[in-house]
2 protein chains.
Amino acid sequence: MLQSFEVRGEPTAAELRLPQLREEMQQLNIDGLLVPHDDEYLNEYTPAQFERLLWATGFSGSAGALLVMMDSAVLFIDGRYTEQARLETSAELLDYEDLRAVPPWQWLRDNPGHVSRLGYCSKLHTQEEIARIESTDHIEPLQLIALQAHPIDALWADRPGGDPKAPFAHTIEYSGEESASKRRRVGEELKRAGADAIVFSNPNATAWLLNIRGNDVPHTPVALCRSVLQADGTAVAFFAGHEISDELKLHLGDEVEISQESEFGDYLRQLGAQEQSVLINKTVCPSFVYQALAESGATLREGDDPLILFRAIKNDVEIEGARQAHIRDGVAMVKFLHWLQENWANDMSEIDAVKRLEAFRAEDDAMQDISFDTISGSGPNGAIIHYRVSEASNRQLENGDLLLVDSGAQYLDGTTDITRTIALGDQSAERKDRFTRVLQGHIALAAVQFPADTSGYQLDILARQPLWNAGLDYAHGTGHGVGTFLGVHEGPQSVAKRAATAPLRAGMILSNEPGFYVEGDYGIRVENLVVVRESATKGMLEFETITMAPIDTSLIDVSLMNEAQRDWLDSYHQRVWDNLSLHLSAADAMWLREATEPLS
Amino acid sequence: MLQSFEVRGEPTAAELRLPQLREEMQQLNIDGLLVPHDDEYLNEYTPAQFERLLWATGFSGSAGALLVMMDSAVLFIDGRYTEQARLETSAELLDYEDLRAVPPWQWLRDNPGHVSRLGYCSKLHTQEEIARIESTDHIEPLQLIALQAHPIDALWADRPGGDPKAPFAHTIEYSGEESASKRRRVGEELKRAGADAIVFSNPNATAWLLNIRGNDVPHTPVALCRSVLQADGTAVAFFAGHEISDELKLHLGDEVEISQESEFGDYLRQLGAQEQSVLINKTVCPSFVYQALAESGATLREGDDPLILFRAIKNDVEIEGARQAHIRDGVAMVKFLHWLQENWANDMSEIDAVKRLEAFRAEDDAMQDISFDTISGSGPNGAIIHYRVSEASNRQLENGDLLLVDSGAQYLDGTTDITRTIALGDQSAERKDRFTRVLQGHIALAAVQFPADTSGYQLDILARQPLWNAGLDYAHGTGHGVGTFLGVHEGPQSVAKRAATAPLRAGMILSNEPGFYVEGDYGIRVENLVVVRESATKGMLEFETITMAPIDTSLIDVSLMNEAQRDWLDSYHQRVWDNLSLHLSAADAMWLREATEPLS
């Protein structure tokens with residue numbers, strides 16, 4: 001089983017661990033210590049051995065920070081996690097603050113007299129975060145003490161696993177472009193920006209650049225490593241004690257030097273000694289990288305990382321891989337949806353659904369992992385947008401529920417992410433109205449044609465307008481970028497209210513996922529992945545929907561749909577049938593035939 | 001006649017005036033001199049006495065800059081004016097650069113060795129512009145020499161008019177809020193920003209704040225003046241030698257001190273001597289204001305000018321004034337459109353149309369000015385988005401033309417801005433298709449309902465999508481803010497591709513003006529003004545269209561319109577009829593009855 005359902009937070013954590021941390025702080029002669037949620041590789045999903053915030057407080061959310069002082073401690077969490085934090089942690093030992101409204105730098109400014117020497121591990125914070133604290137006008141002097149390692153690392157007795165797993169090649173049949181070519185292209189951009197080198201601190205960047213993958217991070221198929229690329233296209237990769245097979249060495253070739261994490265700092269200082277000019281984005285550059293370069297004499301050139309856009313624009317091999325992965329993922333989804341329809345009434349739980357879906361996906365050999373913890377939210381749990389089902393929250397499926405299942409998998413040829421909302425028994429006219437509006441928004445975005453210089457924020461309204469017409473909306477973005485057997489969330493593209501200005505380019509993969517939620521009652525979301533492609537009309541772009549699974553037509557109020565919307569759904573369902581039917585058992589195919597019947 | 005049709009550019013200007021400027025530059029010991037288009041008040045429409053760029057070069061466009069050097073000169077113009085600049089100026093004496101691609105700071109960086117001492121008048125440039133030149137890495141040292149007055153002002157022998165015209169009160173029946181209340185509100189925002197004072201360098205700001213208007217600037221009813229507001233709500237207004245009537249003094253009251261432009265610099269230095277903290281936005285703050293404050297010891301606090309948002313949100317009196325002004329403007333438009341239909345075939349020109357429209361508007365006593373030079377573009381001239389008809393460009397109206405008329409007026413109770421496209425004779429199916437798409441976009445934006453935190457960029461696609469569906473688009477924004485008997489272009493709101501993040505708020509007035517253009521052939525635009533208001537659905541906003549004039553139904557391909565679109569147009573036309581018919585002659589009313597007949 002790839003997904004775990006254990007209850008992770010333990011309210012006793014702070015009671016046990018804050019005293020240990022404070023003892024350590026005295027040794028270090030600091031009276032404040034930051035414990036961030038982020039890890040040293042800026043991973044989206046934090047490996048267990050880097051869950052320092054969980055260790056210190058019991059809080060298991062995906063974002064947050066702790067400020068430990070000698071006689072108090074503040075846990076910073078965002079609005080999503082207010083309730084969860086109170087359930088998982090001890091309110092006697094912790095104060096709570098809103099991470100967005102009052103981030104640590106602001107709390108320190110507004111609460112003078114608590115901290116005079118603030119310790120932080122310079123591997124766990126971006127340079128921007130640290131610079132923000134440093135540049136704030138503090139009423140009492142505040143000294144920042146950079147620590148090479150976080151004190152927790154020494155205190156954490158039963159620290160889980162973390163043995164590096166062997167990285168492997170992501171071969172040309174999947175990547176579609178040799179690493180040498182990628183390195184040349186990024187190198188050219190470095191020259192254009194007047195830089196000699198760039199540092200990649202996040203493993204996903206190195207994975208794309210060197211065409212390698214690994215198994216060190218949950219749900220993201222990467223090895224924990226960093227790399228430095230020179231403008232001439234040569235690179236050095238720093239692994240965290242991994243065994244590098246001869247096969248992989250051959251794959252990496254002569255232009256990629258293999259080194260170890262322990263050499264990384266010296267290498268950075270060597271760049272400085274050579275007076276190299278290094279392209280840096282402070283908002284994602286770990287403080288220790290920035291400091292090592294700055295102190296050793298490197299020229300720091302602020303600018304965007306060119307790799308991000310290159311990675312986002314998929315080549316033909318990656319796009320075809322994504323299509324194929326989505327067909328196999330669709331087969332698993334059809335098996336699951338059919339199974340669910342037959343079995344939901346037989347005392348099933350949300351966890352049973354997750355397990356069954358994962359098992360269907362695992363029937364495919366190319367399936368390596370799920371791409372994130374499946375959201376399986378029935379009834380009121382469906383309204384919790386970032387719901388994670390655990391043994392504690394698990395709910396039996398009931399007649400009359402809506403079940404929202406948001407899931408995905410990592411296949412060697414592509415990453416999937418799909419949401420379907422399924423009616424368990426009869427549903428009210430109101431719910432059908434809401435589902436139909438969400439679907440209409442999904443269709444409006446899926447079917448749009450737009451000029452080549454358009455950004456996602458310009459399209460976002462299309463997914464919302466059917467809800468807006470009824471005075472409704474949803475409180476999340478509409479679409480995020482998706483990687484190729486890599487991060488399920490990937491920039492720079494997005495579709496959202498917020499204006500992220502990166503234009504959509506042919507070859508980008510995005511999600512299309514409008515929703516609607518009634519707290520304490522139900523949640524609805526319809527999500528497919530799409531690829532941006534050139535349309536038949538010159539200068540215009542459009543989306544190709546690549547997710548293949550039926551949408552529950554029993555939830556549609558057909559009278560609300562216009563002809564173009566009905567046609568879109570019928571033609572989508574025809575494509576689903578055409579792509580999947582040959583790969584299904586007779587029983588599943590019969591079920592799919594019915595599920596993809598035209599509306600009219 | 002308020003609009004002039006004279007040919008303004010004279011290609012001999014540079015030949016005459018560059019030598020004079022170079023002589024003056026030698027006197028001043030500078031080898032470079034900037035001549036910007038902008039004037040010392042950042043006016044949108046430059047008064048004749050401030051048209052320094054026109055004086056020096058003959059170029060009459062609305063944006064640009066000149067860099068005079070001892071043996072050459074560069075005219076910086078944007079893409080709109082490439083052709084016009086070559087017609088109006090001497091290519092033997094001037095080099096041309098793209099103002100956006102290579103602004104002066106960049107040209108100076110890329111062309112070292114030409115200028116070592118650069119003179120600029122510190123009243124005519126924002127602090128940001130000057131700081132940009134200063135902070136650029138120049139290969140050869142470049143010294144900036146701030147001049148109190150521009151050398152042109154002394155050389156310009158027959159400098160036009162410029163006698164200050166008496167300002168007058170914009171009374172409570174039009175403004176809807178006493179100046180004291182406005183000053184308190186802005187003052188509270190200053191306190192919130194930790195500032196003691198703010199400087200208003202643009203007359204439109206002072207006009208709104210003090211409820212005064214004037215006649216010094218073409219098409220914008222303001223007096224040339226500046227003001228400084230203190231956080232306690234008191235203010236000092238600096239006039240340019242205007243006569244201030246006792247009535248106006250009474251209107252301004254005790255809390256507003258009247259001073260003269262000549263005292264302005266000393267007053268700023270006094271703020272500095274008092275160590276006041278002044279709220280500044282470098283992108284619009286004239287360099288001399290910034291420098292006077294900084295050098296005299298003021299604390300400069302960077303932040304947004306709070307007046308801008310307050311001014312944009314109209315109160316009930318202003319909104320009702322706008323409605324009434326638009327009814328009277330609509331009466332003039334109906335007279336014009338009727339007259340045009342009867343007379344266009346009788347050897348009429350674009351200028352004849354402009355004159356007639358202005359005459360119809362001037363029949364209303366409250367009409368003070370046009371709000372900008374009427375764009376009257378027939379046939380190919382309609383495709384020039386910022387067309388200004390002159391004696392040279394004037395074209396006779398021909399059978400088969402489309403005529404695009406974009407015009408507006410300044411009434412005491414409101415500012416109007418309307419575009420209608422009129423068929424002169426039969427039109428092709430293609431033109432009707434394009435017109436219908438433009439109209440569909442206009443309707444989609446006019447009819448949208450949206451949540452309270454929405455910005456204009458989120459709505460922009462609605463106006464474009466019918467064109468996008470056919471692979472078409474237009475290269476301008478969709479909507480701009482409009483003032484109350486003030487600037488016809490006013491921030492912070494807009495509807496455009498570019499993400500200006502100011503949310504739309506109830507009470508804001510905007511234009512809704514999609515278009516479509518075929519170079520050398522025709523132009524189409526449909527423009528109404530709308531007011532943002534709360535919709536009947538809680539938490540949602542919508543637009544009320546306040547422009548009242550029929551849209552040419554002979555240009556509509558009704559088969560492309562869906563029922564909701566036809567209903568919108570029919571109901572709009574019914575409102576036009578209901579609002580205007582009683583104010584029309586029998587003949588005009590009969591014409592309007594027909595022009596507003598339902599489509600189906």
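The figures that follow rest on heavy atoms only: side chains count, while hydrogens, waters and symmetry mates do not. Quick note on labels: first sequence line is chain A, next is B, and so on, each numbered from 1.
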With chain B, which of A/Arg464, A/Gln465, A/Arg498 has the greatest number of heavy-atom pairs at distances under 4.5 Å?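 If we count pairs closer than 4.5 Å to chain B, A/Gln465 comes out on top.
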Considering only heavy atoms, which portion of [X] lies under 4.5 Å from any heavy atom of chain B: side chain, backbone, both, or neither?
X        : value
A/Leu462 : side chain
A/Ser535 : neither
A/Asn562 : neither
A/Ala470 : backbone

Does a salt bridge link [X] with [Y], judged by any charged N lying under 4.0 Å from a carboxylate O?
X        : Y        : value
A/Arg100 : A/Asp78  : yes
B/Glu563 : B/Arg566 : no
B/Lys497 : B/Asp473 : yes

Ring centre gap for B/Tyr572 and B/His442 strictly below 6.0 Å: no
So which part of B/Ser455 gets closer than 4.5 Å to some heavy atom of chain A, the side chain, the backbone, both or neither? neither
Please assess B/Phe435 against B/Tyr522 for the test ring-ring contact (aromatic ring centres under 6.0 Å, His included), listing each intermediate value before the final yes or no. CA-CA 11 Å; B/Phe435 182 88; B/Tyr522 65 89; over 10 Å; no
